[in-house]
Asker: 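The structure follows.
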Amino acid sequence: MNLLEIVGIHKNYEGKPLLKGISLSVSSGETLCLLGRSGSGKSTLLRIVAGLETADSGDVRWNGESVCDVPTWKRQFGLMFQDYALFPHMNVSENVAFGLRMAGMKKAETSSFVHEALELVNMSGFATRSVTDLSGGEQQRIALARALAPHPRLLMLDEPLAALDRALRMELQEELRELLHKTGIPAIYVTHDQEEAFVLGDRIAVLSDGFVEQSGSPEEVYKAPKNRSVAEFLGMSNFIEGKVVSVNPLEVKTEIGLLLPSNCLKPDVKIGDQLLVLIQTTGANLATRQGGINKINGVVSECVFRGDDFKVTISCHETIYVFSLSEHCEMGQSITIQVPDSSIVCLEE
Amino acid sequence: MPNQGKPRNRFLFSKALWVLPAAFLLFFFLVPLVKILLVMVSRSGVLSANAILQPLLFTLWQAALSMLLTLALGLPAAYIFARYNFTGKGALRLLTTLPFILPTVVVAAGFSALLGPRGLLNGWLMQAFDLQIPPISFMNTLGAILIAHVFYNTSVVIRIVGSALVQFDPRIEEAGRVLGGSRWRVFREVTLPLLRPSILVAALMVFLFDFTSFGVILLLGGPKFATLEVSIYTQTLSMLNLKMAGLLSFIQLACTFGLTLLYTRLNGKRSVPLMPRLKGEGVRKPHGIFEKAAIVFLVIILIVLIVSPLAALAIKSVLQMDVSTQTTSLTLAHYRELFINRNDAFFYVPPAKAALNSLYYAAVTVLISVGLGLTASYALVRQQGLKRWLDPLIMLPLGTSAVTLGLGFLITFNQPPLDVSSFPLLIPLAHSLVALPFVVRTIQPALASIPASLGESAASLGASPWQVWRKVELPIIHRAIMVGVIFSFTLSLGEFGATSFLARPDTPTLPVAIYRFLSQPGAMNYGQAMAMATLLMLACALAIGLLEKLQVEGSAEI
């Protein structure tokens, strides 16, 4: 069941369209990751859902009912800000108790709820500390506890880990995922980091140029990015134009040779159609012989050790391709790379 | 090697920079203050409890009232400035900065031109209803004092509380709303507690200014109202009771130092959550009739309060009234008269001469205050250890009333080899004392913002210390120096309190001349006072314009 529905949201920012008809939904217990570059309007969308900004057109519905006329403070949607926005004149427990008091709870009654929320984020010992003395990671947890304490119907997180260093970010990603599943609160998580989106999202929506480019499970989106911009955003870089020479099985003729894609996102392809083919960087191997299908010949221009594998850049017909290989290659060496069918996808656009 | 000792000499020189400002403050600030105390103890004179208690209570009373009125206007004004975008906001903001450096005589002349017995409003009313006496009696009332104080200090509240509000991270309020707090509740529980220190600091500063106000009380309150400041003045110059004046000064000093100390304490605690944020975030257009009406209402009040007396002043300076025909006409006679030397009165000094005096004193003040300000700023930045005593010492004149300074100078330097006739030489020294804290507060942060590595890398590239200063440091701080120059020049042009003690009858400054012309009968005298005050006002407006331009260009630094 969809609890939250965002329908056709348009929003202009300083005269320019920022959101051009965004429709999304979140069902109970689900975490939706909004993935997009900075400036793509992700935060604005959250603020519209929270009621901090109004959309130019479109609707936000909860349980089928529009909440557009409900003021922010009555929506019971939790929002965690990127820089936490903790109240500097209150200590940790006063911060966490704020939402409870606003809901009408007497000060004395809040303590057990505050305790519960602090326990949830592993910050039980910090109740009387001043929020200005906390480290970034600690502030992040307190902000989360504050958002969770009043048991919001929906939790929204606006790049909550962006300000933290990499190690802490990885640690908190895991914690957050566990916590979101434990509480079962439907959540919208905004980030520009695809890795974070894969870890946290039950579903991912890629926002670009004011539209939802694609949405689906992390695996779906990764395996079958709809178009070049989504694929590029997910860190993919091997694209090549090709012409369909056979439909069943699908064969595409390109300047590097014949490719047999396992997956074609474009419906109703005919012989002679032009297609954009994506070759995933993973799954490739060094081939012993030249020639044949699903092979690329090229000269190694870079080989970087990355721990688990080597990132090998080759140039072929003056185009650069990147692959993850298990073996080291010499610069200037001519190599042939064999790509499995499953790593070749015809994009929809 | 021949130049072995050279670096060490330079080292010594830069270590001794503090001596200059410290010596200046010792001789021209601390010594006069001590002399006041000595006079209070040693001189004979009549002391009466009533003559102390009455001015003290009245000073506190008017300062408290003025402060409350100022907050009542200033707080809402600060809020709309910080939170709303509306047409003419920039112009209005510039307008509200004008009172900062407007001399008291100009303001007094402005209110007189608007509401005084010869003022525009009374003139119109008398003409319209054929009245024989002016219907509005505004001059010499408590109301006049209060309104002039609100005129002056509303901008202080707008500046202090407004900047706190502008720096306020709007997300903190939004977090409150998302957590279920209504706008009003979030304002009460989040915004207000966070603003409280800034509001207190603004209130205290306004109180301090009103407490030490001199020109406004003397010029607009008249003889009926005696604050401590005015009492010091009259006890010294009219009653010649230096013992009494000294005692009043002592009380005044004790109060202002106490207030300044409290201010410094509070100001240290005043920190607003400053977080990286987009420009203009949290500022929006007004929505709804209530918000729009409130803004229009406040803007009208501010414009009427600030513009109308100044406009009236400029209008009165070019209006001539013919008594026989009861008609008014435009004229430049008042301005022309300024340059005509009529030696028919004893101690008559042509206004042009007073203006020249003022310009001369202002130029000397700039040399002294900016020279010492630069020296002190370098000393403070280079030797952190000095901060503990030199910084408070430089700031002390801020909390000292100009009249007390004048009295101190009078007592200290009225002995051989100096005498009464050499007092005018002391005028720029007194002005420099008042200007120095501002100059240091402008230059020192700019200087401190230069990382040491900049000079070091220039030196490693072959720049001599002089070249480092000339090519690296000066270009960075020159804007701050210009601000200091303009500020101290304008301050000196308009200073009235200390000058009224030190100016001899034959060497008045422009403000002293305006005061004299205002208090003399005759339409031509009044018109000339208006003309001089208008010129002084224009000079200040020009200064504000220049300061604003410097700030806009250097906005990255500020």
Side-chain angles (χ1 to χ4, degrees), chain A residues 13-14 38-39 43-44 46-47 49-54 70-90 94-105 107 117 131-132 139 142-143 145-158 162-163, chain B residues 83-87 161 163-201 266-288 290-291:
Chain A
Y13 185 72
E14 285 177 353
S38 49
S43 298
T44 306
L46 276 202
R47 294 169 60 84
V49 174
L52 293 169
E53 268 172 60
T54 43
V70 181
T72 301
W73 56 285
K74 285 184 178 165
R75 288 196 188 185
Q76 292 177 264
F77 293 168
L79 172 58
M80 198 181 135
F81 291 83
Q82 187 172 352
D83 40 21
Y84 319 133
L86 294 173
F87 304 128
H89 60 301
M90 301 180 189
E94 284 165 341
N95 260 284
V96 177
F98 187 86
L100 299 164
R101 286 199 300 111
M102 292 301 124
M105 203 180 272
K107 242 179 189 161
V131 292
T132 46
Q139 287 190 24
I142 298 307
R146 185 180 69 174
L148 286 171
H151 294 281
R153 307 191 286 187
L154 171 79
L155 181 63
M156 291 180 278
L157 305 104
D158 189 359
Chain B
R83 288 298 167 86
Y84 294 105
N85 268 330
F86 49 91
T87 30
V161 180
S163 75
L165 260 170
V166 162
Q167 289 168 358
F168 200 93
D169 189 335
R171 272 170 289 256
I172 289 190
E173 286 176 337
E174 288 172 359
R177 282 199 280 146
V178 171
L179 287 164
S182 61
R183 264 181 198 278
W184 167 240
R185 205 145 172 216
V186 169
F187 181 76
R188 223 183 52 208
E189 295 207 19
V190 177
T191 318
L192 211 52
L194 286 169
L195 282 184
R196 194 171 291 139
S198 296
I199 296 174
L200 270 177
V201 162
L266 278 173
N267 206 21
K269 280 193 194 153
R270 186 167 82 98
S271 75
V272 175
L274 244 179
M275 296 189 188
R277 46 172 292 181
L278 303 168
K279 200 172 170 246
E281 200 183 20
V283 186
R284 60 184 178 88
K285 287 213 163 104
H287 298 305
F290 176 75
E291 285 182 7

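Note that the structure is a prediction, hence the values are computed from the model and not measured. Residue numbering restarts at 1 for every chain, and letters A, B, ... go by the order of the sequence lines. Values below: every heavy atom of this structure, side chains too, minus hydrogens, waters and symmetry copies.
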Asker: Is there a donor-acceptor contact under 3.5 Å from the side chain of B:Ser198 to the main chain of B:Val161?
Answerer: no
Asker: Under 4.5 Å from any heavy atom of chain B, what part of A:Met90 do you find: side chain, backbone, both or neither?
Answerer: side chain
Asker: Check step by step if side-chain hydrogen bond (donor to acceptor under 3.5 Å, both in side chains) holds for B:Glu173 and B:Thr191.
Answerer: CA-CA 7 Å; B:Glu173 286 176 337; B:Thr191 318; 2.7 Å; yes
Asker: What side-chain donor-acceptor pairs closer than 3.5 Å can you find for residues 176-185 of chain B, not counting sequence neighbours?
Answerer:
residue: B:Ser182; atom: OG; partner: B:Arg185; partner atom: N; Å: 3.4
residue: B:Arg185; atom: NE; partner: B:Glu189; partner atom: OE2; Å: 3.3
residue: B:Arg185; atom: NH2; partner: B:Glu189; partner atom: OE2; Å: 3.4

Asker: Quick check: closest heavy atoms across B:Ile172 and A:Leu86, and the distance to 0.1 Å?
Answerer: CD1-O, 3.7 Å
Asker: Determine which residues belonging to residues 147-157 of chain A lie within contact range of chain B, meaning some heavy atom pair is under 4.5 Å apart, and list them by number or answer 'none'.
Answerer: A:Ala147, A:Pro150
Asker: Do A:Val131 and A:Gln139 pass the side-chain contact (heavy atoms from CB on, under 4.5 Å) test, and can you show the C-alpha distance, the side-chain angles, and the key distance before you say yes or no?
Answerer: CA-CA 7 Å; A:Val131 292; A:Gln139 287 190 24; 5.7 Å; no
Asker: Could you tell me which of A:Gln82, A:Arg75, A:Gln76, A:Arg101 has the largest number of non-hydrogen atom pairs under 4.5 Å with chain B?
Answerer: A:Arg101
Asker: Check each atom of A:Phe81 against the heavy atoms of chain B and say whether the ones under 4.5 Å are side chain, backbone, both or neither.
Answerer: side chain
Asker: Can you name the closest pair of heavy atoms from B:Pro193 and B:Phe187 and give their distance?
Answerer: CD-O, 4.2 Å
Asker: What pair of heavy atoms forms the shortest contact from A:Ala50 to A:Leu79, and how long is it?
Answerer: CB-CD2, 4.1 Å
